[in-house]
Protein chains: 2
Amino acid sequence: MDKMNSKNKTFIDKLRSSGLRPTNQRVEISKFLFDRKKTFHFTVEELKNSMNSKRSKKISTATFYNTVHALKSAGYLKEFSLENNTSYYDTNITSHHHFFDNGKVIDIKSDKITFQKLPEAPKGKKIKNVEVVIRLENNN
Amino acid sequence: MDKMNSKNKTFIDKLRSSGLRPTNQRVEISKFLFDRKKTFHFTVEELKNSMNSKRSKKISTATFYNTVHALKSAGYLKEFSLENNTSYYDTNITSHHHFFDNGKVIDIKSDKITFQKLPEAPKGKKIKNVEVVIRLENNN
DNA sequence: CACATACTTTAGAATAATTATAAAGTAGGT
DNA sequence: ACCTACTTTATAATTATTCTAAAGTATGTG
Ligand SMILES: [Mn+2]
Ligand SMILES: [Mn+2]
Ligand SMILES: [Zn+2]
Ligand SMILES: [Zn+2]
C-alpha cells in the first residue's frame, strides 16, 4: 500500500461501501467528486461534460448516472432541486443551508442560521432535517 | 353583474391581470385553482388529470401549461421543486414554509418559524426571501 | 350582419433529463 | 486459461415540458 494508494483510499472506499467495484471509470468519477479541497454542487450533465471534455475515451452517460445514484443512495452525495426540473447534487453532505442566486448555489454553514421557534412534527412523525434556502436578488 | 359574476370576479381578474383573456378553458382552470377554501399544491399533470377526468371535452396539455405559467409569472402561483425533476405549484403565494413528508407537502405558516440568526447577503445582493423545508420521517 | 384580424386551442412534434435494455467488455477466483 | 458475475456502453424508452402550425374563436368595424 504505497502513498498513492492510501491517498486514494477515501474515494475508493466510498465506491466500495456504495456497493460498487472500483472500476477505472468509477474511480475517476469518485476522484473528481471527492478528491479536492472544497465541496461543490453539480448536475450529472455538468459532471459528464467536465470530465469527458478532458478525456479521449469518454465515460458513458449511464455510468455517470449509475455512479452518482449509488453514491447518493449510500449517503455520499445529497440531491436537491432548483425550479428547473434538473437534479443537483452536493458533495457537502453535512447539514447546511443555501443561498440561491439566479441558478447559482452557495453554501451557508449550518451555524450561520439558528432558530428561535420551530414547529413540532405532526403525530407519528419526527423531524429528519431542517434546511433553509435564502433566495437573493440584486441590490437596488 | 349578478351574484355568480361577482363571485367569479376574483379568479377571472387573475386571468385578466396575467394578460390572458378569460376563455372558457382558462376560467375553468382558474376557478379550479382559486375558487376554494384552502390553498393547495399540485403538478401540472395532476391538475390536468383532476380536471379532465370530470370532463367530456378535455382541455389540452398545452393550455394547462400555458395558463399555469402565465398565472405563475403574474405572481398568482409559486413554483417549487421536490427531488424528482417535476415542477410543483402552490396556490398559497404568501411567504411560508413546508414540511416534506415522503412526497407529501404540508404548509407551515410563516409565524411558526422565527430566526435567531441569519447570514447577511453577499455584496451587491439582498435577500428576496427565506424559505424553510422541514423533512419528516416516521417515528421510531 | 360580414369580414378582417388578433388571440386561442389543440394535436402532435420536438427537446431535455433520466432510466431501461441488452449486447459486448472486464475482473477475479479457480 | 476459463467461468461467471459484474460493468460499460450505445441505443431505445420514458417523462416532463415546450414548440409548432393549423384550425377555432372572439372582437371590432363598416
Ligand atoms: Mn416551467
Ligand atoms: Mn434521480
Ligand atoms: Zn451545499
Ligand atoms: Zn405551500
Side-chain angles (χ1 to χ4, degrees), chain A residues 5 8 11-12 14-32 41-52 55-74 77-90 103 105, chain B residues 11-12 14-32 41-52 55-74 77-90 103 105:
Chain A
N5 225 327
N8 286 1
F11 57 86
I12 292 184
K14 283 177 177 164
L15 291 173
R16 288 222 172 81
S17 57
S18 302
L20 300 178
R21 275 191 196 166
T23 61
N24 287 340
Q25 292 94 327
R26 289 169 176 170
V27 168
E28 291 205 38
I29 292 171
S30 192
K31 183 169 166 48
F32 184 93
H41 308 99
F42 66 93
T43 67
V44 174
E45 199 65 19
E46 287 166 357
L47 174 65
K48 185 182 83 168
N49 292 337
S50 309
M51 292 192 62
N52 276 346
R55 302 168 52 91
S56 45
K57 175 129 187 27
K58 314 299 185 190
I59 297 172
S60 74
T61 303
T63 294
F64 283 107
Y65 275 100
N66 290 341
T67 306
V68 165
H69 278 157
L71 290 168
K72 188 228 155 176
S73 295
L77 292 172
K78 280 204 302 186
E79 188 180 5
F80 64 96
S81 247
L82 304 185
E83 265 117 80
N84 65 351
N85 52 282
T86 307
S87 283
Y88 286 76
Y89 294 90
D90 195 337
V105 184
Chain B
F11 58 84
I12 292 184
K14 282 175 177 163
L15 291 172
R16 287 222 172 80
S17 57
S18 301
L20 300 178
R21 278 191 193 166
T23 62
N24 287 340
Q25 292 93 328
R26 288 167 177 171
V27 168
E28 291 204 38
I29 292 171
S30 192
K31 183 170 168 49
F32 185 94
H41 309 97
F42 65 94
T43 67
V44 174
E45 199 64 20
E46 288 167 357
L47 174 65
K48 186 182 83 165
N49 292 337
S50 308
M51 291 192 62
N52 276 347
R55 303 167 51 90
S56 43
K57 174 126 188 27
K58 313 300 186 193
I59 298 171
S60 74
T61 303
T63 295
F64 283 106
Y65 275 100
N66 291 341
T67 305
V68 165
H69 278 157
L71 290 168
K72 187 227 157 177
S73 296
L77 291 171
K78 281 203 303 188
E79 188 180 3
F80 65 96
S81 252
L82 304 186
E83 266 116 80
N84 66 350
N85 52 281
T86 306
S87 282
Y88 285 76
Y89 294 90
D90 195 336
V105 184

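Protein chains get the first letters and strands the later ones, always in sequence-line order, with residue 1 at the start of each.
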Applying a 4.0 Å non-hydrogen cut-off, can you work out what [X] is touching in the nucleic acid: base, sugar-phosphate, or nothing?
X: A/Lys48; value: nothing
X: B/Lys58; value: sugar-phosphate
X: B/Gln25; value: sugar-phosphate

Flag side-chain contact, heavy atom, 4.5 Å: [X] against [Y]:
X: A/Pro22; Y: A/Arg16; value: yes
X: B/Arg26; Y: B/Arg21; value: yes
X: A/Lys78; Y: A/Lys72; value: no
X: A/Tyr89; Y: A/Thr43; value: no
X: B/Phe42; Y: B/Lys48; value: no

Interatomic distance where [atom1] belongs to [X] and [atom2] belongs to [N] [whole Å]:
X: B/Asn84; N: D/dT14; atom1: CG; atom2: C1'; value: 15 Å
X: B/Asn52; N: C/dT10; atom1: CG; atom2: C1'; value: 12 Å
X: A/Glu46; N: C/dT18; atom1: CD; atom2: C1'; value: 15 Å
X: A/Arg55; N: D/dT8; atom1: CZ; atom2: C1'; value: 12 Å
X: A/Leu15; N: D/dC6; atom1: CG; atom2: P; value: 17 Å
X: A/Asn66; N: C/dT18; atom1: CG; atom2: C1'; value: 11 Å
X: B/Leu47; N: D/dA16; atom1: CG; atom2: P; value: 14 Å
X: A/Glu45; N: C/dA17; atom1: CD; atom2: C1'; value: 8 Å

Which residue, A/Arg26 or B/Val44, contacts DNA chain D at a nucleotide closer to its 5' end, judged by nearest heavy atom? A/Arg26
By side chain to side chain contact (heavy atoms under 4.5 Å, CB included), A/Asn84 pairs with (sequence neighbours left out) A/Leu82, A/Thr86, A/Tyr88
Could you grab the distance from atom CD1 of A/Ile12 to atom CG of A/Leu20, nearest 0.5 Å is fine? 12.5 Å
What nucleotide among D/dT9, C/dA17, D/dT17 has an atom nearest to a side-chain atom of A/Thr86? C/dA17
Among D/dT9, C/dT18, C/dA11, which nucleotide has an atom closest to any side-chain atom of B/Ser60? C/dA11
Is [X] close enough to [N] that one of its side-chain N or O atoms is under 4.0 Å from OP1 or OP2 there?
X: A/His69; N: C/dT19; result: yes
X: B/Ser87; N: D/dT17; result: yes
X: B/Tyr65; N: D/dT17; result: yes

Can you check each nucleotide of nucleotides 21-30 of chain C against protein heavy atoms at under 4.0 Å and return B for base, S for sugar-phosphate only, - for none, in 5' to 3' order? ----------
